[in-house]
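All remarks here apply to the structure that follows.
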Amino acid sequence: MTVTDPETPTGWVPEVAEDEEEEMPLSLRLSIADTLTLGNATCGFMAVYFTTTGILIPHLTGSQETGMARHSAATAVILMLCAAVFDLFDGLVARKLRSSPMGAELDNLSDLISFGLAPAYFVLVYGMVADDAHQRVAAVGAIVVLLAVVLRLARFSCVTPTNGMFQGMPSPFGALTVVAIVLLELPFVATLLAIIGTAWLMVSRVEYPKPRGRLAVAMLAWIVLSMGLLSAWAFGAPSGQLLLQTGCALQLVTGAVIPLFATARRVNNFRDNRREARAAQIP
């Protein structure tokens, strides 16, 4: 039975608070930055596709066409480089314009595909097609790379970077370093140790600068140069193999030198703080 308050007018409807009327669900429409992020994911998936169709399947079917494998390997790596370009620009566009509420989640998921799955799969296929490689051991190295990227992205979601520095090697840089190690065609043990070392750098607390300003321009120029080196290698240009190995070696050296500069910077800051503290204690 319904009981009606005699003081309540018939047909009265409770007023809705003004804040509740204005509260709307978050928009799910994609922004320009989100579109670039989806381009990142697409490049990562296509890198896996070319690694499978151009390297793994010909090896399993006994094809001796090395040119196709070279073209496919170059295409796969170029696609990872394109993913890094998309990853670089989606952050810049999001800061200049806007990002949807899905932006951060889309970025992490896309990075997992392009800089986690794609390079780990590249390592796995390397372990299957290389003459001196061991497939099961290479599979362990691939899993280490994938888990390192997963942990790296999860920690990035929980920790806010300070002083314009990342803790640990950024996943795009780590993925390209892993691929460069494979393309160097070092002995299997050396290749595996270098890959595991790169994975450790991604989950470490070693500081790496965020790609902004001049550093972002330098990174973009390096990516374009790397694409040129890969294209020259793929099409059999004179000294293409030497140029590619030189570029891969520079990638490794850069990944190792940046932490040294960051450590030296931290030591210098510590010394400066101690000097200031001593100077403040002197009457």
Side-chain angles (χ1 to χ4, degrees), residues 30-61 63 65-93 102-103 105-130 138-139 141-143 145-146 148-150 152-153 170-183 195 198 202 219-220 222-235 240 244 247-248 251:
L30 297 176
S31 65
I32 298 177
D34 296 334
T35 305
L36 294 174
T37 303
L38 293 179
N40 171 6
T42 303
C43 289
F45 174 78
M46 292 306 296
V48 173
Y49 169 79
F50 278 99
T51 303
T52 302
T53 58
I55 303 176
L56 181 58
I57 293 179
H59 173 75
L60 295 177
T61 57
S63 175
E65 189 177 350
T66 58
M68 179 181 179
R70 182 183 301 175
H71 281 78
S72 298
T75 303
V77 179
I78 287 174
L79 284 167
M80 293 184 212
L81 290 167
C82 290
V85 173
F86 280 119
D87 185 65
L88 178 65
F89 278 101
D90 67 358
L92 297 175
V93 172
M102 299 185 297
E105 287 73 16
L106 284 176
D107 189 59
N108 278 346
L109 292 172
S110 298
D111 287 354
L112 180 58
I113 296 172
S114 299
F115 311 125
L117 176 62
Y121 187 71
F122 199 81
V123 172
L124 179 65
V125 173
Y126 155 75
M128 298 176 68
V129 303
I143 292 173
V145 171
L146 180 62
V149 175
V150 170
R152 173 78 180 82
L153 295 174
S171 54
F173 196 86
L176 298 179
T177 303
V178 167
V179 171
I181 293 169
V182 174
L183 292 178
I195 288 173
T198 304
M202 283 193 280
M219 181 177 176
L220 182 61
W222 173 247
I223 290 175
V224 173
L225 177 61
S226 299
M227 289 180 179
L229 295 176
L230 284 163
S231 300
W233 172 68
F235 289 101
L244 178 67
C248 292
Q251 176 76 26

With rounding to the nearest 0.5 angstrom, report the [atom1] to [atom2] distance, [X] to [Y].
X: M128; Y: L124; atom1: CE; atom2: CG; result: 6.5 Å
X: F45; Y: S110; atom1: CZ; atom2: OG; result: 13.5 Å
X: I55; Y: T51; atom1: CD1; atom2: OG1; result: 5.0 Å
X: D111; Y: R152; atom1: CG; atom2: CZ; result: 9.5 Å
X: L60; Y: T52; atom1: CG; atom2: OG1; result: 10.0 Å
X: M46; Y: I113; atom1: CE; atom2: CD1; result: 13.0 Å

Any sub-3.5 Å donor-acceptor pair from T61's side-chain atoms to P58's backbone N or O? yes
Listed by chain and number, what are the side chain to side chain contact (heavy atoms under 4.5 Å, CB included) partners of L109, not counting sequence neighbours? none
Shortest non-hydrogen contact from [X] to [Y]?
X: A47; Y: L79; answer: N-CD1, 3.6 Å
X: N40; Y: A83; answer: OD1-CB, 3.3 Å
X: A118; Y: G44; answer: CB-O, 3.9 Å
X: A148; Y: M202; answer: CB-CE, 4.2 Å
X: F122; Y: A76; answer: CE1-CB, 4.5 Å

Any chance you could lay out the side-chain contact (heavy atoms from CB on, under 4.5 Å) test for V182 and I195, step after step, and finish with the verdict? CA-CA 8 Å; V182 174; I195 288 173; 4.1 Å; yes
Would you check if [X] and [Y] make a side-chain contact, meaning some heavy-atom pair closer than 4.5 Å?
X: V93; Y: L36; value: yes
X: W233; Y: L229; value: no
X: W222; Y: M219; value: no
X: T75; Y: L230; value: no
X: F235; Y: R70; value: no

Got a sec: does the CD1 of I32 have more than 12 other heavy atoms crowding it under 6.0 Å? no
Would L153 and F115 count as a side-chain contact (heavy atoms from CB on, under 4.5 Å) if you check the C-alpha gap in whole Å, the side-chain angles of each, and the deciding distance to 0.1 Å? CA-CA 10 Å; L153 295 174; F115 311 125; over 6 Å; no
Assess the residue pair L106 and L38 against the criterion (side-chain contact (heavy atoms from CB on, under 4.5 Å)); give the C-alpha distance rounded to whole Å, side-chain angles, the decisive distance to 0.1 Å, and a yes or no. CA-CA 8 Å; L106 284 176; L38 293 179; 4.3 Å; yes
Test Y121 against V125 for side-chain contact (heavy atoms from CB on, under 4.5 Å), laying out the working first. CA-CA 6 Å; Y121 187 71; V125 173; 3.8 Å; yes
Indicate, with yes or no, if the rings of F50 and H71 have centres closer together than 6.0 Å. no
Report, one line per pair, each donor and acceptor closer than 3.5 Å where one atom sits in a side chain of residues 170-181; sequence neighbours left out.
| from | atom 1 | to | atom 2 | distance (Å) |
| --- | --- | --- | --- | --- |
| T177 | OG1 | F173 | O | 2.7 |
| T177 | OG1 | Q251 | NE2 | 3.2 |

Are D34 and T37 close enough that a side-chain donor and a side-chain acceptor fall under 3.5 Å? no
Name the one of L81, V77, I78, L244 that satisfies side chain to side chain contact (heavy atoms under 4.5 Å, CB included) with S226? L81
